[in-house]
Amino acid sequence: MKPEQQKRLIELFDASSLKRIADDEHQELQDVLRSDREARELWFLYQDVELGLKRFTQIQGTIDGQHSVSPSERDNSSSTEAVTEGHLRTNVSQVSRLGTRRLISKTLLVACVGLVTIAIYIGSHWAHLEPADRGRIAGAFPGSFTVKSPTHNATFTVPSESGKLIALHFLLKSECPFCLKLTHDYSLLARSEQDVVHLFVKPDSDEEIREWAGKINLQDLDGPPVIYRDPDARLADEFQIPDGYQFHGQSMHYPALVLLDRSGHELFRYVGKDNTDRMQPEAFVNRLSMVTGQE
């Protein structure tokens, strides 16, 4: 990906995150995410604040070492740049001593080199990242929402009055054997995890969902799991689940799990690379214990 393409991609990322993206820009972003793997990897990292900050910190140290100032300038200036959640914050003393123009130039240099390095880093290290780090991206909070179930004629509203955590499972559109197994396994887990409600959502039609749900293995379950419908995958879009995964001749959102707190705000998420890449119940339990331990 050329530098000018990366620059345009970051502009689209920013517009999407700030919810100021126009319809044509949204379509442009979806098209490039579908066609360019590097763009998808950069999209994941762009939203992963923790991992991004680590890389920017490393990058900043390298840049500072390569672009040192003279001894006299070093005595008269103190420079502190920090990258946090996409914003570069500067030390006021540096503005007054070194001048605005020089500060802006150095800041832009850090940002540009940082973005390019991040793209290269994530492309080369993607397969070696831990699944939780690879899949965790911080999505937008869509506020309260309600989903309806075509299998049980029920509705569920988030935030929930039950006061429980919500595990939102975005299942793939169309026939999906892995989704069947995943739904069974997490439904079984729900029997012991009383503090978590698992919501399974699919973007298919009511009839397709009922037909698919009839194939779920009910062994050791108290009854058929409740499957909710996400019409036109609007909820997946609200949570900024990446789109463009090709499966069974169709284009759809990638499989994902998003854990919400009792107020409906996101705690963590896992986005799979493909149909087989899912957060398994054991990994979910481990991650859940880490999150609840920090609450």
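Keep in mind that this is a model prediction, so the values were computed, not measured.
Summarising the geometry of His152 relative to Pro224, their closest heavy-atom pair is NE2-O, 3.2 Å, with the distance given to 0.1 Å. Scanning all heavy atoms of the two residues, the minimum distance from Thr183 to Cys179 falls at OG1-O, 2.7 Å. Shortest non-hydrogen contact noted between Ala15 and Glu25 is CB-OE1, 4.4 Å.
Without hydrogens or angle criteria, Ser149 side chain to Ile227 main chain gives a donor-acceptor distance under 3.5 Å. Remark: the backbone N or O of Gln219 is paired with a side-chain donor or acceptor of Asn217 at under 3.5 angstrom. Checking side-chain atoms of Lys148 against main-chain N and O of Arg229 turns up no donor-acceptor pair under 3.5 Å. Side chain of Arg210 to backbone of Pro150: a donor-acceptor contact under 3.5 angstrom is found. Of the possible donor and acceptor atoms, one in the side chain of Lys202 sits under 3.5 Å from a partner among the backbone N and O of Leu172. For the pair Gln240 (side chain) and Asp237 (backbone), a donor-acceptor distance under 3.5 Å is absent. Of the possible polar contacts, one joining the Tyr245 side chain to the Asn275 backbone as a donor-acceptor pair under 3.5 Å is found.
A distance of 9.0 Å separates CG of Asp204 from CH2 of Trp212, quoted to the nearest 0.5 Å. Between the CG atom of Leu259 and the OG1 atom of Thr292 there is a distance of 9.5 Å, given to the nearest 0.5 Å. Distance NE2/His248 to NZ/Lys173: 13.5 Å, rounded to 0.5 Å. To the nearest 0.5 Å, the span separating CE on Met290 from CG on Leu288 amounts to 11.0 Å.
Taking the side chain as every heavy atom from C-beta outward, Asp261 and Pro159 never approach each other to under 4.5 Å. Taking 4.5 Å as the limit, every side-chain heavy atom of Tyr254 sits out of range of all side-chain heavy atoms of Asp277. Using a 4.5 Å heavy-atom threshold, the side chains of Leu182 and Leu257 count as separate. Residues Leu29 and Phe13 have side chains in contact (heavy-atom distance under 4.5 Å, counting atoms from C-beta outward). The closest side-chain heavy-atom distance from Val32 to Gln5 is not below 4.5 Å. The shortest distance between side-chain heavy atoms of Glu175 and Leu180 falls below 4.5 Å. The side-chain heavy atoms of Leu171 and Cys176, taken from C-beta on, include no pair separated by under 4.5 Å. Residues Glu238 and Phe145 fail the side-chain proximity criterion, which asks for heavy atoms closer than 4.5 Å.
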Steps toward side-chain contact (heavy atoms from CB on, under 4.5 Å) verdict (Ile241, Val258): CA-CA 10 Å; Ile241 305 301; Val258 180; 4.2 Å; yes
Test log, rule side-chain contact (heavy atoms from CB on, under 4.5 Å), inputs Phe247 and Asp274: CA-CA 9 Å; Phe247 184 65; Asp274 52 41; over 6 Å; no
Full working for side-chain hydrogen bond (donor to acceptor under 3.5 Å, both in side chains) between Asp31 and Gln27: CA-CA 6 Å; Asp31 289 343; Gln27 186 59 51; 2.9 Å; yes
Test log, rule side-chain contact (heavy atoms from CB on, under 4.5 Å), inputs Phe170 and Leu235: CA-CA 9 Å; Phe170 289 96; Leu235 189 60; 4.1 Å; yes
Worked check of side-chain contact (heavy atoms from CB on, under 4.5 Å) between Ile166 and Ser160: CA-CA 8 Å; Ile166 307 296; Ser160 170; 4.3 Å; yes
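Within 6.0 Å of the CD atom in Glu207, the count of heavy atoms belonging to other residues, nucleotides or ligands does not exceed 12. Within 6.0 Å of CG on Asp24 lie more than 12 heavy atoms contributed by other residues, nucleotides or ligands. Residue Glu211 qualifies as open at atom CD: its count of foreign heavy atoms under 6.0 Å is 12 or below. In the displayed structure, Arg20 atom CZ is contacted under 6.0 Å by at most 12 heavy atoms of other residues, nucleotides or ligands.
A salt bridge is defined here as a Lys NZ or Arg NE, NH1 or NH2 lying under 4.0 Å from an Asp or Glu carboxylate O, and Arg8 with Glu11 meets this definition. Residues Arg262 and Asp195 are paired through a salt bridge, judged by an N-O separation under 4.0 Å between the basic side chain and the carboxylate.
Both tests pass for Arg287 against the ring of Phe268: distance under 6.0 Å to the centre and angle within 45° of the axis.
Side-chain heavy atoms closer than 4.5 Å link hydrophobic residues (I, L, V, M, F, W, Y) into clusters, and following such links, possibly through other members, connects Phe200 to Val285. Under the 4.5 Å side-chain heavy-atom criterion for Ile, Leu, Val, Met, Phe, Trp and Tyr, Phe178 and Tyr270 are members of distinct hydrophobic clusters. Both Ile10 and Leu33 are members of a single hydrophobic cluster when ILVMFWY side chains are connected at heavy-atom separations under 4.5 Å.
In this structure, Tyr186 has its ring center under 6.0 Å from that of His169.
With hydrogens and angles left out, the side-chain atoms of His184 and Asp220 include no donor and acceptor closer than 3.5 Å.
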